[in-house]
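Labels below follow one simple rule: chain letters A, B, ... track the order of the sequence lines, proteins then strands, and each chain is numbered from 1. No hydrogens, no waters, no symmetry mates; every other heavy atom, side chains included, goes into these values.
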There are 2 protein chains.
Amino acid sequence: MEYEEGKEKLIQAWGTLGASWGLNRTMAQIHALLMISPESLSAEEIMKELNISRGNANMNIRALIDWGIVYKEHKPGERKEYFKSEKDVWELAKQVAQERRKRELDPIIKMLNQVENIRDDSGQVENIKEFKKITKDLKKFADKSNGMLDKFIRADEHWFFGTLLKSFK
Amino acid sequence: MEYEEGKEKLIQAWGTLGASWGLNRTMAQIHALLMISPESLSAEEIMKELNISRGNANMNIRALIDWGIVYKEHKPGERKEYFKSEKDVWELAKQVAQERRKRELDPIIKMLNQVENIRDDSGQVENIKEFKKITKDLKKFADKSNGMLDKFIRADEHWFFGTLLKSFK
DNA sequence: TTAAACTTTCAAACATTATTGAAAGATAAA
DNA sequence: TTTATCTTTCAATAATGTTTGAAAGTTTAA
């Protein structure tokens, strides 16, 4: 396989993956492009490489910076902004985990807390019983997951994959 | 808070969550409804409860069954099909992890394998070097994640949350 | 200042995905 | 069989999400 073909494949696949991870296709493609690029790239270069418009490039680069997986860079004597990606896959994973926790897990936990004290006087005894049981279970699970994610985000790769992984039997 | 309000909140939040987990909104809402329902429900009841069409209900119920988190049930003497959800949150999590692995991780690993042997003769020495480095790192990470997910899917809750969680410091 | 180089915004156009509902397909009882 | 009941399909439509591109905004150098 030639470089160009491989590059194309990676960018496409990463785009698809991104879509199921809360980023959108273009966002993930820009990220893939920056990941495999040895030098940081300007908005102009990204637009050209991926055939996307200026606005699209700008918005998605900002979103990536927001997620904390792409950084702005200023080259000395240059007016333009350049962008580079976090290249450490472990850091990347932690960053994504953190962001998803904020966007997904936190709201669910908040909702479960709100919902836990429903009044049980509307005569729907069985429904309410089941509702309480399920929300309690979900809350327990969500809290545990939250705790684990917290540790994961603080963990370092060596310990995680070295020590922890081996403890799975 | 009243039961109806809590129910509404849970269904909405679950729908939103589902959207970022590879199920679609309606699919996740049906699932939420079945989860809190002490009795299994018919397609008719689901349609009415969530204000969705027959076709929509049918397709999404099938998809949930496909994911392995909703089951068909036949009541004796009844012609209609009834549906009930997996209610064990741990089982649910494992089932979802398994599906997502199949749909997301597997394709990426496949792509990374395809891409790992690019020819390095097109004169783009630096690009190719970086490409190989990144894809190698990604592959390593993907393989490790795959292994962990495998174990997770086979693990039981007590061991996982009891033993393992404590090993995080 | 002014002008050039760059970045950001956002309404309109486009693309994708989800939903509807009516018709066709099953299935079981009469 | 036939009929009634229930399920599935799918083309049309609606809803949602993404992209464009031109105009407005910002920054820097002269």
Practice task
Write down the distance between NZ (B/Lys48) and C1' (C/dT20), rounded to a whole number of angstrom.
Solution key: 20 Å
Handout entry: Between D/dT19 (C1') and A/Met47 (CE): distance, integer Å
Key = 12 Å
Exercise for the section: Nearest whole angstrom, please: distance from the P of D/dT19 to the CD1 of A/Ile46. Expected result: 14 Å
Exercise for the section: For A/Lys140, enumerate each residue passing the salt bridge (charged side-chain N to carboxylate O under 4.0 Å, His left out) test, keeping only those at least two apart in sequence or located in another chain. Expected result: none
Exercise for the section: Mind calculating the distance between CD (A/Glu45) and P (C/dC6) to the nearest angstrom? Expected result: 12 Å
Fill in the blank from the handout: Of A/Ala43 and A/Arg25, the one whose nearest nucleotide on DNA chain C sits closer to the 5' end is A/Ala43
Problem - Listed once per pair and sorted, the ring pair (Phe, Tyr, Trp, His ring centres under 6.0 Å) pairs that draw on residues 78-135 of chain B, sequence neighbours left out - result: A/Tyr3-B/Phe131, B/Trp90-B/Phe152, B/Trp90-B/Phe160, B/Trp90-B/Phe161
Practice task
Could I get the full list of salt bridge (charged side-chain N to carboxylate O under 4.0 Å, His left out) partners for A/Arg119, not counting sequence neighbours?
Solution key: A/Asp121, B/Glu2
Practice task
Identify whether any heavy atom of B/Glu44 sits under 4.0 Å from a base atom; if not, whether one sits that close to sugar-phosphate; answer base, sugar-phosphate or nothing.
Solution key: nothing
Practice task
For each nucleotide in nucleotides 22-30 of chain C, reading 5' to 3', give B when a protein heavy atom comes within less than 4.0 Å of its base, S when such contact involves only the sugar-phosphate, and - otherwise.
Solution key: -----BB--
Fill in the blank from the handout: When rounded to whole Å, the CD1 to P distance for the pair B/Ile65 and D/dT7 reads 11 Å
Problem - Side-chain N,O (A/Asn58) to OP1/OP2 (C/dT7) below 4.0 Å - result: no
Practice task
May I ask you to decide whether B/Lys110 forms a salt bridge with B/Asp106, counting only side-chain N to carboxylate O separations under 4.0 Å?
Solution key: no
Completion exercise
Rounded to whole Å, CG of A/Asn60 lies from C1' of C/dT7 at a distance of 15 Å
Problem - Below 4.0 Å: OP1/OP2 of D/dT18 and any side-chain N or O of A/Thr26 - result: no
Practice task
State which residues pass salt bridge (charged side-chain N to carboxylate O under 4.0 Å, His left out) with B/Glu45; sequence neighbours excluded, sorted by chain then number.
Solution key: none
Problem - Contact under 4.0 Å: B/Ser42 side-chain N or O vs D/dC6 OP1/OP2 - result: no
Completion exercise
Of A/Met59 and A/Phe83, the one whose nearest nucleotide on DNA chain C sits closer to the 5' end is A/Phe83
Handout entry: Non-neighbouring partners of A/Arg79 that pass salt bridge (charged side-chain N to carboxylate O under 4.0 Å, His left out), sequence neighbours left out
Key = none
Handout entry: Length of the CZ-P vector between A/Arg62 and C/dC6, whole Å
Key = 14 Å
Practice task
List in numerical order all residues of residues 30-39 of chain B for which some heavy atom is under 4.0 Å away from an atom belonging to DNA chain C.
Solution key: none
Practice task
Could you list the residues that satisfy side-chain hydrogen bond (donor to acceptor under 3.5 Å, both in side chains) with A/Asp143, not counting sequence neighbours?
Solution key: A/Lys139
Problem - With sequence neighbours excluded, residues passing side-chain hydrogen bond (donor to acceptor under 3.5 Å, both in side chains) with B/Glu104 - result: A/Trp21, B/Arg100
Handout entry: hydrophobic_cluster_shared for B/Leu64 and B/Met59, side chain cutoff 4.5 Å
Key = no
Practice task
Check whether any side-chain nitrogen or oxygen of B/Asn56 sits under 4.0 Å from OP1 or OP2 of C/dA18, and answer yes or no.
Solution key: no
Exercise for the section: Calculate the interatomic distance between A/Asn24 atom CG and C/dA15 atom C1'; express it in whole Å. Expected result: 13 Å
Exercise for the section: Measure the spacing between CE of A/Met111 and OG1 of B/Thr16 and express it to the nearest 0.5 Å. Expected result: 9.0 Å
